[in-house]
Enquirer: 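My questions all concern the structure below.
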Amino acid sequence: MTPEQLSDTIVDALTALTDEGAVTLPDGVPTQVVVERPKVREHGDYATNVALQLAKKAGMPPRDFAGLLAERLNTAEGIASAEIAGPGFLNIRVDAGAQGALAAQIVAAGASYGSSDAFEGEKINLEFVSANPTGPIHIGGVRWAAVGDALGRIFTFTGAEVTREYYFNDHGAQIDRFARSLLAVAKGEPAPDDGYGGQYIADIAQHVLAEKPNVLELPDDDAQEVFRSVGVNLMFDEIKKSLHDFRVDFDVYFHENNLHESGAVSRAVERLTEMGNTYEQDGALWLRTEKYGDDKDRVIIKSDGKGAYISGDLAYYLDKRERGFDRCLIMLGADHHGYVGRLHAMCAAFGDTPGVNLEVLIGQMVNLLREGQPLRMSKRAGTGITMEDLVDAIGVDASRYALARYTSDTTIDIDLDLWAKQSSDNPVFYVQYAHARLASILRNAKDLGVAADFDPSLLSHEKEGDLLRALADFPRVVASAAQLREPHRVARYLEDTASSFHKFYDACRVLPQGDEEPAPIHAARLLLVEATKTVFGTGLTLLGVSAPERM
RNA sequence: GCCUCCGUAGCUCAGCUGGAUAGAGCGACAGACUUCUAAUCUGUUGGCCGCAGGUUCGAAUCCUGCCGGGGGCGCCA
């Protein structure tokens with residue numbers, strides 16, 4: 001029995017009550033009701049506030065409504081008892097057999113337990129990281145690498161067709177600065193004032209010189225162009241490799257340059273003009289974003305004839321829509337939040353619906369702490385902290401988990417000393433240890449040859465019930481993580497469930513001890529262990545964190 | 001000045017979109033190892049949910065205004 005199934009049972013009971021005429025619901029019977037796991041044990045296995053919600057509409061006191069419903073539920077299949085509490089809550093206890101049967105269902109479903117078709121038929125474009133190829137990936141981008149990739153896995157698990165996309169800004173002034181910086185260092189000159197510093201610039205310049213030994217004999221403009229094209233490609237490769245090592249692989253690496261070269265920008269501008277959303281002023285072309293909720297109108301073609309930064313995004317958005325994506329999600333750092341209004345307005349200017357066709361997710365900043373002090377500089381990058389700094393300090397698993405376990409709208413401080421620890425203070429180890437412990441039990445069971453017969457009603461211990469209800473929650477946790485775009489819910493769920501498992505392990509012996517003969521209870525618990533391991537394996541995979549068999 | 005995110009236990013944070021006595025972990029203190037992995041478990045300690053109003057049967061959660069902190073407000077990218 002999962003909360004969803006219980007919700008269905010309650011809906012059936014409500015339907016029966018209205019059919020009989022015992023209650024009248026002007027708006028009809030809801031398709032699902034809120035079922036929650038109460039914090040207090042005395043409140044039963046599950047509780048619902050449906051009587052409180054519907055009593056007013058039905059025109060009767062909440063407790064009377066709850067009473068009628070309780071009477072119905074008490075005879076429903078799988079329910080041991082339903083009683084009225086407080087102002088009109090219904091506290092429900094589930095039949096042990098109905099609850100225990102879930103263990104077998106999970107094992108039968110295997111890795112698909114928790115999946116759904118909630119996003120069936122949705123083509124979702126997830127754009128994240130999209131760091132400029134002018135240096136290593138900074139820490140802000142890494143947050144999205146972890147969160148965005150996890151979200152992608154969760155969307156796929158809930159039935160969506162997901163494309164992960166990385167937008168390379170390989171066009172414009174920043175790239176020019178990058179190229180000038182490379183050229184300067186190659187010539188032994190100091191970096192330009194507005195250029196890039198850091199060891200990696202020198203490294204890349206060396207690579208370019210090795211590949212093109214005569215490059216410095218060319219005129220400066222031509223030499224800079226060589227440094228630009230070769231340097232950017234080296235940076236691309238390095239970024240892709242870093243992400244791959246972080247277990248994030250993009251389906252599409254989209255180059256901004258293509259938009260300008262293919263005339264996509266002009267087409268996007270034409271389209272907006274046709275829709276009456278542009279005008280000329282002061283020699284520049286403006287987009288009427290204020291009309292669609294932005295603070296003011298924005299320049300899209302500057303008076304020098306060049307496209308403003310947003311022109312690339314206009315064309316890029318149109319391109320995504322033309323490729324058939326109904327939902328385009330873009331994940332940006334908090335330092336870009338001022339850009340959201342513009343993007344939404346742009347979306348509306350194309351005749352689309354902001355928030356539906358285009359959704360912008362904002363992630364707050366990430367700070368790394370060592371011995372309580374914030375890290376400010378990366379040796380290699382010269383400025384800021386990079387993905388490698390994080391991964392070198394705590395590894396990929398801890399990095400991904402640490403970044404994915406918080407809501408994106410809070411600033412996070414990652415204490416490197418804590419996340420490097422191999423102890424229970426470190427949440428990722430707590431969760432991974434649960435998985436390893438489960439694996440260990442199953443290994444020992446194989447040696448002992450415990451039978452696979454299963455009587456679900458034997459799983460009647462308090463800790464078994466707690467664990468089963470935790471496992472039953474998994475599908476709706478995944479569903480809400482997808483719906484709210486909040487992968488951290490999966491991480492927190494795993495931590496809670498690990499706690500339930502460890503308590504079960506402490507209270508309930510799974511395998512026969514010493515010369516003890518294997519009994520049905522051992523088989524039942526072993527199935528529960530296998531079901532639990534399945535959920536941990538799936539949950540960790542959704543976060544892109546490994547599920548170790550031994551630790 | 002305007003926009004935006006945050007403010008919950010000593011610390012780090014949850015709080016299932018309005019429900020019952022606000023929860024975890026860490027820390028501190030006291031316990032449990034002839035263990036199926038003690039990287040675990042049990043107990044104790046600890047809260048004007050930033051402040052003040054409002055909405056209603058009911059608010060940490062929704063609305064308004066303050067206070068404090070982070071991040072933004074270019075014909076830069």
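Proteins come first, then strands; the chains are lettered A, B, ... in the order of their sequence lines, and each starts at number 1. All values below were derived from every heavy atom in this structure, side-chain atoms included, with hydrogens, water molecules and symmetry-related copies excluded.
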Enquirer: What integer number of Å spans the C1' atoms of G19(B) and A60(B)?
Expert: 12 Å
Enquirer: State which of U37(B), G15(B), C36(B) makes the closest approach to the side chain of L511(A).
Expert: C36(B)
Enquirer: Considering only the P atoms, how many Å lie between G50(B) and C11(B), rounded to the nearest integer?
Expert: 14 Å
Enquirer: Write down the distance between CG (D335(A)) and C1' (G71(B)), rounded to a whole number of angstrom.
Expert: 8 Å
Enquirer: Across the strands shown, which category fits D304(A) at heavy-atom distances under 4.0 angstrom: base, sugar-phosphate, nothing?
Expert: nothing
Enquirer: Of the nucleotides G74(B), C16(B), A77(B), which one has an atom closest to the side chain of K302(A)?
Expert: A77(B)
Enquirer: Donor-acceptor check, side chain of S7(A) to backbone of V33(A), threshold 3.5 angstrom: yes or no?
Expert: yes
Enquirer: May I ask you to list the residues of residues 338-346 of chain A, by number, that have any heavy atom positioned under 4.0 Å from an atom of RNA chain B?
Expert: G338(A), Y339(A)
Enquirer: Please check: side-chain N/O of E530(A) versus main-chain N/O of L442(A), any donor-acceptor pairing under 3.5 Å?
Expert: no
Enquirer: Less than 4.0 angstrom between a side-chain N/O of K306(A) and OP1 or OP2 of C75(B), yes or no?
Expert: no
Enquirer: Can you measure W419(A) atom CH2 to C11(B) atom P for me and round it to whole angstrom units?
Expert: 19 Å
Enquirer: Assign S440(A) to base, sugar-phosphate, or nothing according to its heavy-atom contacts below 4.0 angstrom with the strands shown.
Expert: base
Enquirer: Should U17(B) be called syn or anti, with syn set as within 90° of 0?
Expert: syn
Enquirer: Set out, line by line, the N/O atom pairs under 3.5 Å between protein and nucleotides 4-7 of chain B.
Expert:
from: U4(B); atom 1: O4'; to: H337(A); atom 2: NE2; distance (Å): 3.1
from: C5(B); atom 1: O2'; to: D409(A); atom 2: O; distance (Å): 2.2

Enquirer: Determine whether a donor-acceptor pair (N or O, by modelled atom type, separation under 3.5 Å) exists between the side chain of D304(A) and the backbone of K306(A).
Expert: yes
Enquirer: Which part of the nucleic acid, if any, lies within reach of L418(A) when heavy atoms closer than 4.0 Å are counted: base, sugar-phosphate only, or nothing?
Expert: nothing
Enquirer: Quick one: does any side-chain atom of Y113(A) pair with a main-chain N or O of F474(A) as donor and acceptor, under 3.5 Å?
Expert: no
Enquirer: Pick the C1' atom in G65(B) and in A28(B), then give their distance to the nearest Å.
Expert: 40 Å
Enquirer: Closest to the S303(A) side chain: C57(B), C75(B), G15(B)?
Expert: C75(B)
Enquirer: Tell me whether the NZ or CZ atom of R180(A) lies within the 45° cone about the ring axis of Y196(A) and under 6.0 Å from its centre.
Expert: no
Enquirer: Above 12 or not: heavy atoms from other molecules or residues under 6.0 Å from NZ of K57(A)?
Expert: no
Enquirer: With a 4.0 Å cutoff (strictly under), does any side-chain N or O of H488(A) reach OP1 or OP2 of C16(B)?
Expert: no
Enquirer: Please produce a list of atom pairs where a protein N or O lies less than 3.5 Å from an N or O of nucleotides 18-20 of chain B.
Expert:
from: G19(B); atom 1: N7; to: N49(A); atom 2: ND2; distance (Å): 3.2
from: A20(B); atom 1: N6; to: N91(A); atom 2: OD1; distance (Å): 2.7
from: A20(B); atom 1: N1; to: N91(A); atom 2: OD1; distance (Å): 3.0
from: A20(B); atom 1: N1; to: N91(A); atom 2: ND2; distance (Å): 3.3

Enquirer: In whole angstrom, give me the gap between the C1' atoms of C29(B) and U34(B).
Expert: 29 Å
Enquirer: Which part of the nucleic acid does E549(A) contact within heavy-atom distance under 4.0 Å: base, sugar-phosphate only, or nothing?
Expert: base
Enquirer: Supply the atom-to-atom distance D297(A) CG to W286(A) CH2, rounded to the nearest 0.5 angstrom.
Expert: 7.5 Å
Enquirer: Have a look at N169(A) and tell me which of Q174(A), E256(A), H255(A) forms a side-chain hydrogen bond (donor to acceptor under 3.5 Å, both in side chains) with it.
Expert: E256(A)
Enquirer: Could you summarise the pairing of RNA chain B as dot-bracket text, marking Watson-Crick and G-U pairs under 3.5 Å with ( ) or [ ] inside the strand and | across strands?
Expert: (((((((..((((.....[...))))((((((.......))))))....(((((..]....))))))))))))....
Enquirer: Taking the P atom in each of G43(B) and A24(B), what is the distance between them to the nearest angstrom?
Expert: 10 Å
Enquirer: Which nucleotide, A39(B), C36(B), C76(B), lies nearest any side-chain atom of Y433(A)?
Expert: A39(B)
Enquirer: How far does the P atom of G25(B) sit from the matching atom of C41(B), given to the nearest Å?
Expert: 8 Å
Enquirer: Could you give the distance separating G47(B) and A22(B) at their P atoms, to the nearest angstrom?
Expert: 12 Å
Enquirer: Looking at C36(B), I'd like to know if its phosphate oxygens (OP1 or OP2) sit under 4.0 Å from a side-chain N or O belonging to K533(A).
Expert: no
Enquirer: For A173(A), answer base if it contacts any base atom (sugar-phosphate contacts may also be present), sugar-phosphate if it contacts only those atoms, and nothing otherwise; contact means non-hydrogen atoms under 4.0 Å.
Expert: sugar-phosphate
Enquirer: Return the value, rounded to whole Å, for the distance between atom CG of D415(A) and atom C1' of G27(B).
Expert: 13 Å
Enquirer: Base, sugar-phosphate, or nothing: which does Y406(A) touch, judged by heavy atoms less than 4.0 Å apart?
Expert: sugar-phosphate
Enquirer: Knowing that exactly one of R298(A), K296(A), K291(A) qualifies, which makes a salt bridge (charged side-chain N to carboxylate O under 4.0 Å, His left out) with D294(A)?
Expert: R298(A)
Enquirer: Thinking salt bridges, do D466(A) and R469(A) make one under a 4.0 Å N-O criterion?
Expert: yes
Enquirer: Would you call the rings of Y253(A) and Y166(A) parallel, tilted or perpendicular, taking 30° and 60° as the class edges?
Expert: tilted
Enquirer: Under 4.0 Å between any heavy atoms, over every strand shown, what does R492(A) touch: base, sugar-phosphate, or nothing? Just pick one.
Expert: sugar-phosphate
Enquirer: Show me the donor-acceptor pairs, under 3.5 Å and distance only, between side chains in residues 508-517 of chain A and residues at least two apart or in other chains.
Expert:
from: R509(A); atom 1: NE; to: L511(A); atom 2: O; distance (Å): 2.9
from: E516(A); atom 1: OE1; to: Q513(A); atom 2: N; distance (Å): 2.9
from: E516(A); atom 1: OE2; to: H522(A); atom 2: NE2; distance (Å): 3.4

Enquirer: Assuming nearest nucleotide by heavy-atom distance, tell me which of Q174(A) and I412(A) is located more 5' along RNA chain B.
Expert: I412(A)
Enquirer: If you assign each of I175(A) and D425(A) to its closest nucleotide in RNA chain B, which residue comes earlier from the 5' end?
Expert: D425(A)
Enquirer: Taking the side chain of K296(A) as its heavy atoms from C-beta onward, which of G74(B), A77(B), A14(B) lies nearest to it?
Expert: G74(B)
Enquirer: Taking NZ, NE, NH1 and NH2 as the nitrogens, is one of them in R476(A) or E36(A) under 4.0 Å from a carboxylate oxygen of the other?
Expert: no
Enquirer: How is R489(A) classified with respect to the nucleic acid when contacts are heavy atoms under 4.0 Å: base, sugar-phosphate, or nothing?
Expert: sugar-phosphate
Enquirer: Below 3.5 Å between N/O atoms, which protein atoms pair up with nucleotides 41-47 of chain B? Just atom names and distances, please.
Expert:
from: C41(B); atom 1: OP1; to: Y430(A); atom 2: OH; distance (Å): 2.7
from: C41(B); atom 1: O2'; to: D506(A); atom 2: OD2; distance (Å): 2.4

Enquirer: What do you reckon, are the aromatic ring centroids of H502(A) and Y430(A) less than 6.0 Å apart?
Expert: yes
Enquirer: Roughly how far apart, to the nearest Å, are G10(B) and U61(B) at atom C1'?
Expert: 25 Å
Enquirer: Rounded to the nearest 0.5 Å, how far does CG of L358(A) lie from NE2 of H344(A)?
Expert: 5.0 Å
Enquirer: Can you tell me how far P of C13(B) sits from CD1 of I414(A), to the nearest Å?
Expert: 10 Å
Enquirer: Starting at atom CD of Q32(A), determine the distance to atom C1' of U17(B), rounded to an integer number of angstrom.
Expert: 13 Å
Enquirer: Students often mix this up, so state it plainly: with edges at 30° and 60°, are the rings of Y316(A) and Y167(A) parallel, tilted or perpendicular?
Expert: parallel
Enquirer: Between H171(A) and N257(A), is the side chain to side chain donor-acceptor pair (under 3.5 Å) condition met? List the steps.
Expert: CA-CA 6 Å; H171(A) 180 93; N257(A) 234 346; 3.2 Å; yes
